[in-house]
Amino acid sequence: MNHFVRNMLVIARRDFLSIVATPTFLLFLLAPLFMIGLGAIGGLGASQLADSARGAGRIVALADAADIEALRSADQRLRAALAGRGAPPTLLIRVAAPGDDPRAVMREKGSDTYAVMHGPLAAPAIVEQEAGSRSGRYLALLADAVMRDRAAGTVTPVEARFESVATGGTSVAAQQSMGFGAVFTIFLLTLLLAGQAVGMLAEEKGNKVIEILAAAVPLESVFLGKLLGLLGVAILFIAFWSAMAVGGGFIAATQMDPAAVAAANAASPAAAALGAAPATGWAFFIAICFAYFVMEFLLLGAVFLGVGAQAGTVREIQMLSLPITIFQVGMFSLSAAAASAPGTTLATVAQIFPFSSPLAMAARAATDGDHAVHLLALGWQALWVGLVILLSVRLFRSGVLSGGGGWKFWRGTARAQGDSPALR
Amino acid sequence: MTDYSVEATGLSKDFGGFKAVDGVSLQVPSGSIYGVLGPNGAGKTTSLRMTLGIIDPDAGQSRLLGGHAPRAVRHRIGYLPEERGLYPGMKAREAIAFMGALRGLDWREGRRRAAAFMGELGLERVVDEKIRKMSKGMAQMIQLIGSIVHAPDLIVLDEPFSGLDPVNQERLEMLVRRERDRGATILFSTHVMAHAERLCDRIAIIARSQRRFEGSVDDARALLPMQVRYTPRGDADAPAIAALLPAGAERRGDAWYFPVDDTAIEPLLTRITASGFGVAGLSIARPGLHDAFVHIVRQVDAAFDADATSDAVEEAAA
């Protein structure tokens, strides 16, 4: 094996084991549980609020006793056609009494009343919370439906025949959604995992091992080895949670009633999304997204490692985390915009700019069936990983290790007399 | 023709206007033990780092192990830096194997050799101890083993004895000699003359960023005249004896102390015998490396101070 590669693997092995074989790693590995837990609690609260808001709203019809059945029947019919998000609030039908004040009904406590209809159905009066509200229009439609039913007399109910026709292939919108999903997933993983690279050389600088490494192996292999070690940790993290998800899904499936599962699948939007396919096909898409995650991780990790290597203190490293996060969010925004506008100049720029390229190309894999372009992109990104590493090493050797130049990009200090700070 | 493992010529390094090393050259014969001596801050460590290619010199060049660029023969070099560095969470055996692996040694072989070395040095009980639990001296021995576990051709040790107790210093000297006997070249820096005197075949003395001496330990000692301690028999007349001895002879109790050139010893003995003062005690000894070192460094300092004074006078005059 080539000396360089062997040295790199020695460093990667050391770093990987030193991270994984600690109790802290367990905390790191299980951190998403806290995120999921907090998300679930927040989601539950929001859902309860939404439910309570939905349940509390109503519309009211003050009608003659003779009209009540007709109103109820028309409401059922109309409500069936307007099911889902367009469904009107719950209808409360009351027998109108002399002296009923629709405004008083609007003000009744215990629920929000969006609109109240009163008077004869042929010429109903509607009081509403907001002028031109959907609730008010619905009550008017209800009165109109009752009046039309009466005018038409007894009509045999229409029996419509429904037939679903597949349009052939996944819609462009669904593929763009997949592209965005890929961009978001890769961004989230790199945000969670690659940022650690910024402090990776701090240990060696702190315990003076850096001089031993610098004497024994090329610094390029130290930098790359450290990145690979961290990448190994990231892949372990992803593998663990993927296994948990697959295993959890499998266990849940075996514990549930198969008929209920089938029914749930048929109605689920997720199942519908799985029915769609990215332009390059699922297998290629997943593989290439993983490859782009690796590239994005290496690219951003190399930048962070190089920047962090210039930092002299833990405080400097901490200060760097904000610009680093902003940089990552910037790359995400650019790629997300590219994902929603495939084929545009913006998308091309995002695909070429090295630090957004993996994200934007993952989005492209969802909407464009061309496979070969991804090989080119991976090569381009790998080239940039190499360039960033070379530049980082050069800066580290001349600016930190040799104490020469005194160049730091966030401060232009000249070195004090004496020896190299990294080797002191 | 002498075969050199280290050929560094004209190495210079400037840190922000401070000339840390100024034109230092080192030629270390293969298979020898070579000491780089100098006071604190003289530029020893920076010279070694440039020699090994850890930092780039501003001027000069270094060639190692048959004319190779330092970075091309990293795997054939063992290096113990002045600042000891180990991963505190690593076990001793793993730390040594890791350092060996960095130089191309197989991990398993590294672990095996680590245990063997530690056994020889009486460290077998801490083979699987984490570095953070070890004393500073023990950790230093672990690092030393790590720097030679891959059987390098050139071993560079920067202040290897500092922080070690006398027993471990003795073990280290033994280890250095054994590595030399194996065929390795050893280059080490120190400011403790006793170790250099016992170990080194040749030395270089660096002071004020420049090499001020190069040669064998005996060559360095020969820079100073012999020191004589003479005690006359009976109550001799002091002025008469002083007249007999070289100028600058100093009396302390019954004895007289004075330096004498190698060529003047025999005439002096003849004079003493002929004078009739007799000899109750006489010792003629070559000064140690310590004295030679202090002599060289003081000369450099004096010249430096004289230059500084003359510069100040010129500046004031201007």
Side-chain angles (χ1 to χ4, degrees), chain A residues 1-15 17-25 203-222 225 394 396-407 413-424, chain B residues 13-21 41 43 45-46 48-58 70-91 94-95 97-107 110 131-132 139 143 146-147 150 152 156 158:
Chain A
M1 198 190 300
N2 174 296
H3 274 305
F4 184 88
V5 175
R6 195 173 51 200
N7 291 334
M8 190 175 71
L9 293 179
V10 169
I11 302 282
R13 177 188 190 272
R14 205 293 310 178
D15 271 43
L17 291 178
S18 76
I19 295 173
V20 170
T22 58
T24 324
F25 179 69
E203 184 186 9
E204 278 74 12
K205 282 160 77 178
N207 58 26
K208 311 291 181 190
V209 173
I210 189 66
E211 190 171 358
I212 293 173
L213 298 181
V217 296
L219 276 175
E220 288 82 357
S221 69
V222 175
R394 199 181 165 88
F396 185 71
R397 190 185 289 286
S398 65
V400 182
L401 208 55
S402 293
W407 186 82
T413 56
R415 295 246 181 263
Q417 284 192 353
D419 217 341
S420 143
L423 301 181
R424 269 184 205 140
Chain B
K13 188 73 189 175
D14 189 291
F15 290 123
F18 172 69
K19 199 90 179 168
V21 175
T45 296
T46 306
L48 292 186
R49 284 173 181 163
M50 285 190 287
T51 302
L52 292 178
I54 297 171
I55 57 177
D56 296 323
D58 296 335
R71 287 174 197 157
V73 285
R74 283 184 175 108
H75 58 287
R76 293 172 60 197
I77 298 171
Y79 175 52
L80 177 77
E82 181 188 21
E83 291 279 4
R84 311 296 184 239
L86 288 167
Y87 291 107
M90 264 187 161
K91 290 177 180 171
E94 283 300 306
F98 170 69
M99 285 193 274
L102 287 176
R103 308 280 189 175
L105 185 66
D106 175 66
W107 278 92
I131 301 293
R132 69 163 62 93
Q143 191 166 353
S147 63
H150 57 296
V156 179
D158 194 356

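The chains referred to below are lettered A, B, ... by the order of the sequence lines, with proteins before strands, and numbering in each begins at 1.
- Judged as a side chain to side chain donor-acceptor pair (under 3.5 Å), and not counting sequence neighbours, Arg13(A) has no contacts.
- In this pair, Tyr87(B) and Phe98(B) present their aromatic rings perpendicular. The plane angle is above 60°, beyond the 30 to 60° band.
- Only the side chain of Met90(B) comes within less than 4.5 Å of a heavy atom in chain A; its backbone stays farther off.
- Annotation: side chain of Val222(A) is not in contact with side chain of Phe396(A) (no heavy-atom distance under 4.5 Å).
- Heavy atoms closer than 4.5 Å to chain A are found in both the backbone and the side chain of Leu102(B).
- With sequence neighbours excluded, no residue forms a salt bridge (Lys or Arg N to Asp or Glu O under 4.0 Å) with Arg394(A).
- Taking Val209(A), Leu219(A), Leu17(A) one by one and counting their heavy-atom pairs under 4.5 Å with chain B, the maximum is reached by Val209(A).
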